[in-house]
Amino acid sequence: MNAARPRVRKWLRMVAPTPSGLSYGLSSGRLCACLSVCLCAWLLAALAVPVAHATGTATGTAPHPVQAEAQAGTQAAGAQGAANATPEAVARSVADSVVQTLADAIAARGAQDDRHLVLLLHSYEQGMGRVREITDTVERMLAPMDNHISLRVENLDSKRVHTPEYLDAFAAVLALKYAGRPPTLILTSDDDALDFLETHHAALFPGVPVLFCGVNHFHDSLVAAIPRLSGVLSTFSARETALAMLGMHPGTRHIYLVNDHTETGRAVARDVYGQLSNLPADVQVREFPPLPFDDLLSRLATLPSDAAVLLGVYFADSVGYATTFEDMGARIAAAARVPVHCLVDFNLRGATVGGKVSGATFQAEALGRMALRVTSGTRAQDIPVQAEGVNRFVYRAPALERWGISESRLPPGSTVIDRPFSIYRTYRIQINVLVLFVLSLASTIAVLVYMMRRRAASERQLRRLRNLLANTLDSMPSVIVGVSPEGLVTHWNRHAADATGQETREAMGRPLGEVFPRLEKLKPLVCEALGDGQVRDGLRLLHPDGDMVRYEDVTVFPLVANGAQGAVIRVDDVTERERIREMMIQTEKMLTVGGLAAGMAHEINNPLGGILQAVQNMRRRVDTGRPDNESAAREAGLTMDQVRGYLERREILRMLDDIAASGARAAHIVANMLDFSRRTDGEFVAQDLHRLIENTLELAANDYDLKKLYDFRTLRIVRHYSPMLPPVPCLPTEVEQVLLNLFKNAAQALATMPPPDGAPPTLTIRTERHHDLVTVTVSDNGPGMTPEVRARVFDPFYTTKPPGEGTGLGLSVSYFLITHNHGGSFALHSEPGKGAHFTFTLPLRQR
């Protein structure tokens, strides 16, 4: 209590003039400040005296020493006033006594209350609807007793008065009111209250955390002035509102912005203009100049039919006329002859349609949740400032009906308010109770009728159960066949009929081998299952289906029920599962070999580097023109020309070139092995796939010349490019490597064996888009592949080329690059004599 008095007196000295500066000719500002202090002191004294009196009466004790001191100070001030009756002396004397009396009363009352004291500081006064909504919402969220919160509300009222003298006087009032018991948490609404705390927080409430809502202008200096700070920013969803408005009114070509030209209104206008900068080109955004309010209403009444109005904030016109935001917005919407959408919830009245609004209730709810976290122990500075997710789409039902807007055209999650009166919505509980009563009565009658007709219904129930069993068996994705111990068919579902072409009525009662020949071999298995009552599974059947082989798993269940014996045979087509298993095996194989390749590559690199370096040194040491070489040759009794002549006659230099070429080839193989085993760290870039293909074709044409057994340029290239193919995100060098490998393999295959039908050697390239995938198919009309070669074509180190012409890593590396690095797929379709078709896919959305 004693520590609070100096801080309060400091505030009084800030707002009251000093004795040396006081004279009978006081300026209007200093006189206003002095009178403000006197008025505040008088009000506080009026509030404090009853409290002090009640305290003294309740306890039955003499006045507190501080009160006695205050009374003595008042008497002394009166005596002094008789001698030197100046406004400053009167104000200071009254204020000092009131400070002591009020602070003691607050301290005595606060000592008995262990709840959190939360101060809600509004920028504006309670007469504004927005302020009332924030107050009511915060009170509702903090009201439960188990929150242990006591809420106090203060109003800065800066819309009406915002002079420095007034703000200093208001700070002095807060210092007086909370001298004995400072708040544990401060909540603010709108910018002015937070700006006030930026200036006065350190002196008034040092260390007290602050949470804000409704703030438009958040800057770093606030965090410096109030370290324990967080809250909810007030943002405007102008773009979302405008896009929704254009969807509701397709013919709109002009959007007129309506804001007042106060500092707040211009800031809102700048924000809205920034959000609407990239609307469709045929929509123009305009704003009214500063006008008197009546002129603005006249202009709104003459807007063209292809226009719409986006209302921001309007409080005062250009000549100073002002009422409230709500009244201004309602009159603007009523004057306009075109739809009016809004950005703030207090304009949701009258003829306003609505929009994605910044609502006082929405922000207050978020503020209340933050306050509960802080009072529960969370530090305010650890709570991030919430800038998004507060605004919501809200529309008025009368305005929607007026402009013929169906609720189905509203954005998802929209709320419709002010619906017309509905009997069901008004008396929903009573109607639901009545419906439940009628339903229960009808259920009772139905049960009675059922019990009366139970005998007749038993037969129908049996038929329904029989039909249900048949439907269940038909709905199962497996072939279900029931057989008796004699091998006759007792059950036959729809899939069994589809697989054999025998309908149920044709198969029932006939031998299993006669109606389903490939299940004839299962008779011994059925007998075993019936003999020991155990399920038999794990048997797999293979049967051809056109050009492919299908896999089927067979399970036999023994059936013993109600004295009837038999078995149920279930046949499941697992072809797709088998293919997936093979793909998993292939992937595992690729991972294993990738690790082996990495190890081999590192082991080979060391001796390979020594070989290449030794060859390089040998070439240098037989070069002419080097002093060291000439000197060593003279010491041996030779010249360098003689040495080089000998080496050339013995073809040693050619052998060195061969060693270097072989070393380079080995280095290339090692590089391929490392690429195979290591995922690239490159960045995915959106590429024109057709341009990549053309670049790779050009590389292939330059690579194949007449020194080899084939010439790529003699091939006929057929292109089937999709015209609507978007840019594909990929690693361009890796895709070119895959394409070049496929082109080389096709050219080699066509060179070794021309097309069997005499057609020209042809390479066909096709691109297509399937949803989120791009497909590239490289086909040739060469000799094709046998099933044995096709099964191993992606295996590392497997090749059909003669020794020295291939390493067997090309297709395996290509498979790895597409499936592992790009997340795509790689497939092959080939038959002997029908060419080969390699197809790989690239996703349009990379992980």
Side-chain angles (χ1 to χ4, degrees), residues 128-130 132-133 136-137 236-260 272 288 293-294 296-315 323-365 390-429 431:
M128 301 182 70
R130 170 182 174 81
R132 289 197 304 273
E133 289 184 20
D136 294 342
T137 304
F236 294 97
S237 303
R239 176 171 177 78
E240 293 90 334
T241 301
L243 292 177
M245 178 172 61
L246 293 176
M248 299 176 197
H249 315 291
T252 301
R253 296 295 176 266
H254 304 279
I255 297 178
Y256 286 86
L257 302 182
V258 176
N259 289 286
D260 62 19
V272 172
F288 291 104
F293 191 62
D294 291 338
L296 174 64
L297 298 182
S298 300
R299 292 280 297 273
L300 288 172
T302 60
L303 293 179
S305 59
D306 62 348
V309 175
L310 184 57
L311 175 59
V313 293
Y314 203 102
F315 180 78
T323 59
T324 63
F325 287 117
E326 293 84 351
D327 179 62
M328 291 290 198
R331 294 169 65 183
I332 288 172
R337 296 297 180 265
V338 295
V340 177
H341 292 244
C342 63
L343 300 177
V344 189
D345 64 340
F346 51 63
N347 286 325
L348 286 170
R349 59 186 62 226
T352 306
V353 178
K356 190 169 186 179
V357 297
S358 173
T361 301
F362 308 151
Q363 295 185 12
E365 289 176 351
V390 179
N391 297 348
R392 303 176 190 174
F393 283 104
V394 183
Y395 294 93
R396 298 190 66 253
L400 295 177
E401 183 178 359
R402 173 187 177 185
W403 297 105
I405 302 173
S406 172
E407 292 189 13
S408 61
R409 295 168 58 187
L410 300 181
S414 298
T415 301
V416 179
I417 62 174
D418 298 338
R419 296 180 186 272
F421 175 76
S422 170
I423 295 179
Y424 177 73
R425 284 197 299 268
T426 305
Y427 303 103
R428 179 167 51 188
I429 297 177
I431 294 176

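All heavy atoms count here, side chains included; hydrogens, waters and symmetry mates do not.
In the displayed structure, Arg402 atom CZ is contacted under 6.0 Å by more than 12 heavy atoms of other residues, nucleotides or ligands.
Here the CG atom belonging to Leu257 is positioned 10.0 Å from the CG atom belonging to Leu311, to the nearest 0.5 angstrom. In this structure, Phe346 CZ and Thr352 OG1 are separated by 11.0 Å, a value rounded to the nearest 0.5 Å. Once rounded to the nearest 0.5 Å, the distance linking OG1 of Thr302 with CG of Leu297 reads 11.0 Å. Here CG of Leu400 is found 8.5 Å from OH of Tyr395. Values are rounded to the nearest 0.5 Å.
Counting only N and O atoms by type, the side chains of Glu133 and Thr361 include a donor and acceptor under 3.5 Å apart. Ser237 and Asn391 share a side-chain donor-acceptor pair at under 3.5 Å.
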Salt bridge (charged side-chain N to carboxylate O under 4.0 Å, His left out) evaluation trace for Arg396 with Glu407: CA-CA 10 Å; Arg396 298 190 66 253; Glu407 292 189 13; over 6 Å; no
CA sep, side-chain torsions, deciding dist, call: Glu401, Arg419, side-chain contact (heavy atoms from CB on, under 4.5 Å): CA-CA 10 Å; Glu401 183 178 359; Arg419 296 180 186 272; over 6 Å; no
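Although no hydrogens or angles enter the test, the distance criterion places a donor-acceptor pair under 3.5 Å between the side chain of Thr241 and the main chain of Lys356. His341 contributes a side-chain N or O that, together with a main-chain N or O of Gly354, makes up a donor-acceptor pair within less than 3.5 Å. At distances below 3.5 Å, at least one donor-acceptor pair connects side-chain atoms of Asn259 with backbone N or O atoms of Val313. With Arg337 contributing its side chain and Leu300 its backbone, the two residues share no donor-acceptor pair below 3.5 Å.
Contact annotation: the side chain of Arg409 never approaches that of Ser414 to less than 4.5 Å [non-hydrogen atoms, C-beta and beyond]. In this structure, the side chains of Met245 and Ile255 come closer than 4.5 Å at one or more pairs of heavy atoms.
Both tests do not hold together for Arg331 against Phe293: distance to the six-membered ring centre under 6.0 Å, angle to the ring axis within 45°.
The distance between the ring centers of Phe288 and Tyr256 falls below 6.0 angstrom.
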